[in-house]
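So the structure is just underneath, and the comments pick up after that.
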2 protein chains.
Amino acid sequence: MNIKFLKNSEPNFSENLKGLLDFDSSNSEMIIETTHNILLAVKEKGDEALLEFSKKFDDLDFTNAAELEISEADINEAFERISLEQKGALNESAQRIFEYHTKQKMESWSYEDDEGSMFGQKITPLDRVGLYVPGGKAAYPSSVLMNAIPAKVAGVDELIMVVPTPKGERNDLVLAAAKIAGVDRIFSIGGAQAIGALAYGTETIPKVDKIVGPGNAYVAEAKRKVFGLVGIDMIAGPSEILIISDKNSNPDWIAMDLFSQAEHDELAQSILICDDEGFFTRVKKSINNLVETMPRKDIIKTSLENRGIFILVNNLDEAAKVSNLIAPEHLELAVDQPKLLLDKIKHAGAVFIGRNTCEAVGDYCAGPNHVLPTSGTARFSSPLGVYDFQKKSSLIELSENSASRLGKVASILARGEGLFAHGLSAEYRIKK
Amino acid sequence: MNIKFLKNSEPNFSENLKGLLDFDSSNSEMIIETTHNILLAVKEKGDEALLEFSKKFDDLDFTNAAELEISEADINEAFERISLEQKGALNESAQRIFEYHTKQKMESWSYEDDEGSMFGQKITPLDRVGLYVPGGKAAYPSSVLMNAIPAKVAGVDELIMVVPTPKGERNDLVLAAAKIAGVDRIFSIGGAQAIGALAYGTETIPKVDKIVGPGNAYVAEAKRKVFGLVGIDMIAGPSEILIISDKNSNPDWIAMDLFSQAEHDELAQSILICDDEGFFTRVKKSINNLVETMPRKDIIKTSLENRGIFILVNNLDEAAKVSNLIAPEHLELAVDQPKLLLDKIKHAGAVFIGRNTCEAVGDYCAGPNHVLPTSGTARFSSPLGVYDFQKKSSLIELSENSASRLGKVASILARGEGLFAHGLSAEYRIKK
């Protein structure tokens, strides 16, 4: 297999790297227009539009929008159908995700100053959240856990899940995960119409305050459109892994870790940085040996050949610098002294420290979230967390003395800005 | 003056209220297209495009993009030109904003579990942030302090400010505030072209990781467009105040507090909720007496007549419920026992507790941020804060035992999702 090879000591390294990282994230005019029309129809016709789209896109012939809701009995039956082993794994995973995320919960705080005034921040959960879950092949029960549990830890009162069920086909593992995670209601609807229903509300589907969860290009475009009316999580790009390895890692392990990213889809990006040129040869050999045994080998090959990158550096210090340029979604530190390397890492969604720690375990059950900033957005954004389902209100309570003293300060600044009523409002509180 | 009057006991109250809160936030096709073209030009032609737009929009005839930068000497001179009183007020305000925001700073954390594995969250500041500051009439030094100081508290290394200076006209107070707040570089450029320059970078203006600060419709549209490539703060709608008052407040104070919101612009919204019908009459009398003395009386009248609302409720419990429906940007609790009422408030940008605490003091110098979620977005978003300039990386370090035990769990779930390489990657770490 032919994987691109760069050396960070070469001239134009940054530009070449940038070229290999870039991808076209823009939606076609057709997607933009179709999404616009679907959202408009849902906004104007509510349930009626949902029934039409369900017929058209999912071949579901409902006469009543209430049929879109998946009943508790159906969810329980799905849960009973999955294997004991799967139930155990989902439960253990949910428990670990719950424990980690509990540590993220923000608490209200306040303090009093020496003039007797109080300042603080009140933390409250969102009232109602929508969770989009893709249907078909990309139906991932782990995503249900990772999106739903932080919302529940935050104290979100009502969590509404939407999932397309083309021709009525439901995924038992997805429904079981929703039950375990504490999802409150589930509707079998997907696409831009599901985002519209959650953002505007219909007779049957309640309007939510925020929508999270991954989806196809129509879903992403719809989320972008309703942003502002409701909150949304980040719009994710293709998934990436960056592995920094020294020459002492097992090349089979590194190859398989690269595969675990590449198998997601053709645009997924797997990058290996090493300070030893010979190690790349060994990893390449492992790749060639192992890839033919992979059920998703075609996707893996396309992804590695088109988007994979090997980068040779002189030392691990330089590896950290290159990693900070990339700001990867997933970063594995497969080196002898990973903690020393970690200190130099500034931008990454999640860091998997040491050779024992593979991304795959983090994807499912280590505890931290697997919804992470992609495509370099770790430069300015964070993993999905409890904090995404809580919000803050500033608190200010001025004593008479503070109001009087600060009233004078505010008055000077207000008049400097030409805001006379602001000035007077503050001046009324100045003690005579 | 004619101000709309609702009773929450009336049928259709919610629908009527919703109708009065709504405003059209969509940008015209013309704005969308112009912005698109400006961004494209900046992306493709860099500095050359900036010089063209500066000539076209700001009448600035620069031949070299370096001239766009405002020199340190010029900033220092601006600082020297403002009055001693203004320097003192800006400094006191900056100091208080700094102190409050210091309490918001997030710290990294980690813990070890009983299998010897480590889990945590590493907090790092953004590297470089862009701050948009409007020029002309809406040039607010207080906004510079409120946007810049949290970034500096977070530890942002480089803070780049952009501000339009039509015909070269600079605002001394704005430049002085930037100096006090620790802004690193200032460029005299505005509009969508400034947003493009910060998002893509040009030869002269460095690319940033996040853009904050208010602007006109072109700026808002440009921020929406570059969202994803860089982070942005919320796109603000018109500003609002909601005052919950009992009958014991001074009606002049309440009138002036309503004015302080209404004077911002015609779309600003001022709402008063009270449990006493007679109090509305007294406030109306104050409004009519006071409004003619206001320099911005025309704006105030238009705003109050078109967008102002008086709402009569039966008791303060109901007032809290109505307030939670509105999720106001600013909420004043001008009642005898404001702390009791505060307990019932779920959604608000900032709460001003007690009759002494007017919004105007909060706008300038109380300490908490004045950049707050507008138009009901307090249901899902928060005041601008230090947390907007920090980001999180998840940390996972598995012991051999954890990797082995959790490898089995991950393997079951990965195979359930059809992700074979994920499964094998985890299985490699299972101890034989």
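All of these numbers come straight from a predicted model, not from anything done at the bench. Every chain is numbered from 1 and lettered A, B, ... according to where its sequence line falls, protein lines coming before strand lines.
Comparing B:Trp253, B:Phe259, B:Phe389 by heavy-atom pairs within less than 4.5 Å of chain A, the highest count is held by B:Trp253. When the candidates A:Val361, A:Leu331, A:Leu90 are compared by the number of heavy-atom contacts under 4.5 Å with chain B, A:Val361 comes out ahead. Taking chain B as the reference chain and counting heavy-atom pairs below 4.5 Å, the highest number among A:Val129, A:Ile82, A:Val174, A:Leu424 is found for A:Leu424. When the candidates A:Asn369, A:Asp252, A:Leu333 are compared by the number of heavy-atom contacts under 4.5 Å with chain B, A:Asp252 comes out ahead. With chain A as partner, the option from B:Lys210, B:His264, B:Glu359 having the largest number of non-hydrogen pairs under 4.5 angstrom is B:His264. By number of non-hydrogen pairs under 4.5 angstrom with chain A, the leading residue of B:Gly416, B:Gly231, B:Cys358 is B:Cys358. Counting heavy-atom pairs closer than 4.5 Å to chain A, the top residue among B:Glu99, B:Gln86, B:Lys339, B:Arg415 is B:Lys339. Taking chain A as the reference chain and counting heavy-atom pairs below 4.5 Å, the highest number among B:Ser404, B:Gly354, B:Pro383 is found for B:Pro383. Looking only at heavy-atom pairs under 4.5 Å with chain B, the residue among A:Gly362, A:Gly120, A:Gly418 that has the most is A:Gly120. Comparing A:Val409, A:Leu126, A:Thr124, A:Leu413 by heavy-atom pairs within less than 4.5 Å of chain B, the highest count is held by A:Leu413. With chain A as partner, the option from B:Gly367, B:Gly423, B:Ser381 having the largest number of non-hydrogen pairs under 4.5 angstrom is B:Ser381. Of the listed residues (A:Ile345, A:Asn324, A:Thr377), the greatest number of heavy-atom pairs within a distance under 4.5 Å of chain B belongs to A:Ile345.
With sequence neighbours left out, A:Asn356 forms a side-chain contact (heavy atoms from CB on, under 4.5 Å) with B:Glu400, B:Ala403. For A:Phe420, there are no ring pair (Phe, Tyr, Trp, His ring centres under 6.0 Å) partners two or more places apart in sequence or in a different chain.
A distance of 12.0 Å separates NZ of B:Lys346 from OG of A:Ser393, quoted to the nearest 0.5 Å. To the nearest 0.5 Å, the span separating CZ on A:Phe352 from CG on B:Leu398 amounts to 9.0 Å. Summarising the geometry, atom SG belonging to B:Cys365 is positioned 12.0 Å from atom NZ belonging to A:Lys408; distances are rounded to the nearest 0.5 Å. To the nearest 0.5 Å, atoms CE (A:Met256) and OH (B:Tyr428) are separated by 3.5 Å. Distance check: A:Arg379 CZ to B:Leu229 CG gives 11.0 Å after rounding to the nearest 0.5 Å. Taking CD1 of B:Ile254 as the reference point, atom OG of A:Ser425 lies at 9.0 Å (rounded to 0.5 Å).
A:Asp363 touches chain B through its side chain: at least one heavy atom from C-beta onward sits under 4.5 Å away, while N, CA, C and O do not. For A:Ser411, no part lies near chain B; criterion is any non-hydrogen pair under 4.5 Å. Proximity to chain B is limited to the backbone of A:Asp343, based on heavy atoms less than 4.5 angstrom apart. If you measure heavy-atom distances from B:Met106 to chain A, you find no contacts under 4.5 Å at all. Heavy atoms of B:Ser382 lying under 4.5 Å from chain A belong to its backbone as well as its side chain. Of the atoms belonging to A:Leu342, heavy atoms from both backbone and side chain fall under 4.5 Å from chain B. Both the backbone and the side chain of A:Ala414 come within less than 4.5 Å of a heavy atom in chain B. The part of B:Thr293 that comes within reach of chain A is its backbone (N, CA, C, O), which places non-hydrogen atoms under 4.5 angstrom from that chain. Using a 4.5 Å cut-off between heavy atoms, B:Leu173 touches chain A through its side chain atoms alone. Only the side chain of A:Leu290 comes within contact range of chain B, with at least one heavy atom under 4.5 Å from a heavy atom of that chain. Contacts between B:Ala366 and chain A at a heavy-atom distance below 4.5 Å involve backbone atoms as well as side-chain atoms.
A:Glu263 places a side-chain N or O within donor-acceptor distance of the main-chain N or O of B:His422, the cut-off being under 3.5 Å. Between the side chain of B:Thr357 and the main chain of A:Glu397, no donor-acceptor pair closer than 3.5 Å is present. A donor-acceptor pair is defined here as one N or O able to donate and one able to accept, closer than 3.5 Å; such a pair exists between the side chain of A:Glu417 and the backbone of B:Ser142. Checking side-chain atoms of B:Lys122 against main-chain N and O of A:Val351 turns up no donor-acceptor pair under 3.5 Å. Formation of a donor-acceptor pair under 3.5 Å by the A:Arg429 side chain with backbone atoms of B:Arg355 is found in this model.
By the 6.0 Å and 45° rule, A:Lys392 stacks over the aromatic ring of B:Tyr387.
Residue B:Glu85 places its CD atom among 12 or fewer non-hydrogen atoms of other residues, nucleotides or ligands, all under 6.0 Å distant.
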In sequence, state the C-alpha distance, the side-chain angles, and the governing distance for B:His347 and A:Asp209, and then conclude on side chain to side chain donor-acceptor pair (under 3.5 Å). CA-CA 11 Å; B:His347 314 298; A:Asp209 300 307; 5.8 Å; no
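Listed here is the closest heavy atom pair of A:Val230 and B:Phe380: C-CZ, 3.3 Å.
For A:Arg405 and B:Glu92, the salt-bridge test passes: some basic side-chain N is under 4.0 Å from an acidic carboxylate O. In summary, A:Arg96 and B:Asp113 engage in a salt bridge, as defined by a charged side-chain N under 4.0 Å from a carboxylate O.
Taking the six-membered ring where tryptophan is involved, the planes of B:Phe119 and A:Tyr100 are perpendicular, since the angle between them exceeds 60° and thus also 30°.
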